[in-house]
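Accompanying notes for the structure given below.
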Amino acid sequence: MKITLAVTGGIAAYKAVELLRALQTKALDVQVVMTEGAQRFVQPLTFAALSGHRVITGLWDEQILDEASGATPAMEHIALAQSTEALVIAPASADSLARLAQGRVDDFLGSLYLATLAPVIIAPAMNVRMWEHPATQANIALLEARGATIVAPNNGALACGMQGTGRLAEPSAIVEAVLGVLHHSEDLAGETVLITAGGTREAVDPVRFLGNRSSGKMGYSLAEAARRRGARVILVSAPTALRAPIGCEVVPVITADQMRDAVFARLPGTTMVIMSAAVADYKPRAIAEQKLRRSGPLTLELEPTEDILAAIVQRREPGMLVIGFAAETQDVFASGRAKLMRKGVDAIVLNDVSREGIGFDSDSNAATFLTASTAADLPEMSKRALADRILGEVMQLRRPQRLMAETGSHTPSILPTRP
Ligand code: CTP
């Protein structure tokens, strides 16, 4: 499989050498493109020797010829745009982001970016202030909105001597993102996936609510990944600070009751439900009409909300896969398995939220994908990558069903892992 690695100008350019090696270990044939700035940091010869291909350094470079197509130099960007299966831009400098966002075509990378229909993966690296600047953030948002997968930079010591976000993501994270877009292209085509995300809010009075720490990132990543893999996606979202994923039907809700109604209304026709939302288990029995005043101790009387997940299982149509989430702080495995059995779902994505740095509000997460008969360990990775792994596991559950449909089997139970 042939992909393109575009290296832009920045001190992290040397890390692209390691990235190239990491991509090659996944049997990817990598064509390297370097901007002028990149060549000031690393010699093209390094990449040429390691990739086994001449490095493309400019639009007007007389020496470059697409080896496969024999394209003339002037048409090189078109030939590569058509033959490459992914365009990875790493490190992406602040300037290159700005140029790509503007659609400039006065260098090879800009032309290639506009001319290709292949998925684009961008791993930025720069000084923290440059990264945080609204101009850069706007460029990132625009590129993401146009379909690029952004592998966000890490936090840590920067080459400029400052601390903060701006370090190029680890090669393993970039490789994961590349494999994510390459291998799963359309395997969810034909599925209608209903995903819930975010944390519901239960009003106490006109200004206060009972909420939780869910950021919605996991659910949104799942929605994006499912959409990218060809599914029709309905995202029922409790309040989050996240941008709506492109191409998904987003249904905003606030309370657990609203989420239940929104989900139930959309169950017909849904083939897969993933309940990643953190749904309130209790709500105030009564919402105060006026703002509650401070006057000594206050007792709120709460009543349980409906368990949406358990109710979905009761209502599900044949073939519908139902996946729950479980955030546990103790006896994680046993609690997860008990929940799986109690709720009657096909699988539970089990999170140990007592672990630091992952889970709530974090960009990374680790989980165990638990079915009645299996437990797949999904080690710490970005939520984006984890979303793809989870969907991969879900599709494992689907496979026997599809096989039976293809072979015309009339076995009544088509959900082998249902507890
Ligand atoms: N869930 C739901 N409706 C609720 C509460 C939770 O559908 N009212 C779903 C969550 O979206 C998640 C799963 O149930 O997919 C497990 O949520 P969790 O809060 O961990 O479990 P609980 O049912 O609350 O069980 P417990 O309180 O025993 O942990």
Side-chain angles (χ1 to χ4, degrees), residues 193-203 209-223 226 234-240 251 253-267 270 272-285 302-316 320-355 358-361 365-372 378 383 386-387 390-391 393-394 397 417-419:
V193 186
L194 195 161
I195 297 169
T196 64
T200 61
R201 296 175 175 181
E202 308 303 324
F209 60 82
L210 299 176
N212 60 67
R213 292 176 52 203
S214 169
S215 65
K217 285 178 190 166
M218 192 65 244
Y220 275 56
S221 296
L222 280 163
I234 305 167
L235 177 63
V236 177
S237 176
T240 72
V251 186
V253 297
I254 298 173
T255 66
D257 287 353
Q258 288 172 0
M259 181 168 276
R260 175 200 59 204
D261 294 345
V263 168
F264 286 180
R266 287 162 184 81
L267 278 186
T270 291
M272 205 181 265
V273 180
I274 307 180
M275 279 292 297
S276 69
V279 188
D281 285 327
Y282 289 92
K283 60 181 180 183
R285 190 174 287 280
L302 303 178
E303 63 181 6
T305 58
E306 182 166 356
D307 186 333
I308 305 172
L309 190 56
I312 294 170
V313 171
Q314 300 304 320
R315 293 162 175 248
R316 74 160 148 203
M320 184 194 282
L321 289 171
V322 184
I323 316 297
F325 268 63
E328 304 291 346
T329 53
Q330 57 182 3
D331 297 334
V332 176
F333 207 77
S335 311
R337 205 166 273 288
K339 206 165 274 183
L340 175 85
M341 305 311 254
R342 195 172 69 239
K343 300 209 180 199
V345 292
D346 296 300
I348 285 264
V349 181
L350 183 60
N351 284 132
D352 179 352
V353 285
S354 65
R355 284 178 59 185
I358 60 168
F360 286 130
D361 210 29
N365 203 356
T368 306
F369 190 87
L370 214 59
T371 70
L378 308 175
K383 284 185 175 168
L386 186 62
I390 291 170
L391 291 178
E393 294 294 334
V394 176
L397 300 178
T417 57
R418 192 186 295 185

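Atoms within a ligand are numbered from 1 in the order they appear, just like the ligands themselves.
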Backbone or side chain, does any N or O of Phe325 fall under 3.5 Å from an N or O of ligand 1?
yes
With salt bridge (Lys or Arg N to Asp or Glu O under 4.0 Å) as the test, would you mind laying out the steps for Arg342 and Asp307 before giving the verdict?
CA-CA 11 Å; Arg342 195 172 69 239; Asp307 186 333; 5.9 Å; no
Between CG on residue Asp346 and CD on residue Glu393, distance to nearest 0.5 Å
13.5 Å
Considering only non-hydrogen protein atoms, determine which one is nearest to atom 26 (P) of ligand 1 and report residue, atom name and distance to 0.1 Å.
Lys339 NZ, 3.7 Å
Partner of Lys283 under side-chain hydrogen bond (donor to acceptor under 3.5 Å, both in side chains), picked from Thr200, Thr255, Asp257, Thr305, is Asp257
Closest to atom 23 (O) of ligand 1 among protein heavy atoms sits Lys343 NZ, 2.5 Å
Shortest protein heavy-atom distance from atom 7 (O) of ligand 1, along with the residue and atom involved:
Leu309 N, 2.8 Å
Any idea which atoms of ligand 1 are less than 4.0 Å away from a heavy-atom of Ala280?
8 (N)
What one should report as the nearest heavy-atom pair of Ala226 and Leu391 is N-CD1, 3.4 Å
Nearest 0.5 Å, please: how far is CG in Asn351 from CZ in Phe325?
6.5 Å
Taking atom CD1 of Ile234 and atom OG1 of Thr270, what is their separation to the nearest 0.5 Å?
4.5 Å
Distance under 4.0 Å to a non-hydrogen atom of Ala327: what atoms of ligand 1 satisfy this?
20 (O)
With atoms numbered from 1 as shown, which atoms in ligand 1 lie under 4.0 angstrom from a non-hydrogen atom of Thr305?
8 (N)
Working to the nearest 0.5 Å, report the span between CG of Asp281 and CD of Glu306.
12.5 Å
Does the N or O separation between Asp281 and ligand 1 drop below 3.5 Å for any pair?
yes
Give me the residue, atom name and distance of the protein heavy atom closest to atom 3 (N) of ligand 1.
Ile308 N, 3.0 Å
So for ligand 1, is Ala277 a polar contact partner (N or O within less than 3.5 Å, distance only)?
yes
Check whether any N or O atom of Gly324, backbone or side chain, sits under 3.5 Å from an N or O atom of ligand 1, and answer yes or no.
no
side-chain contact (heavy atoms from CB on, under 4.5 Å) partners for Ala326, two or more places apart:
Glu328, Lys339, Ile348, Leu350
Which atoms from ligand 1 have a heavy atom of Glu306 less than 4.0 Å away?
3 (N), 4 (C), 8 (N)
I'd like to check which ligand 1 atoms, numbered from 1 as shown, lie under 4.0 Å from a non-hydrogen atom of Arg342.
25 (O), 28 (O)
Hey, does Met259 sit under 4.0 Å from ligand 1 if you only count heavy atoms?
no
To the nearest 0.5 Å, atom CG of Asn365 lies from atom NZ of Lys383 at 5.5 Å
Do ligand 1 and Val279 have nitrogen or oxygen atoms that lie under 3.5 Å from each other?
no
If you take all heavy atoms of Val279 and Met259, which pair is closest and at what distance?
CG2-SD, 4.0 Å
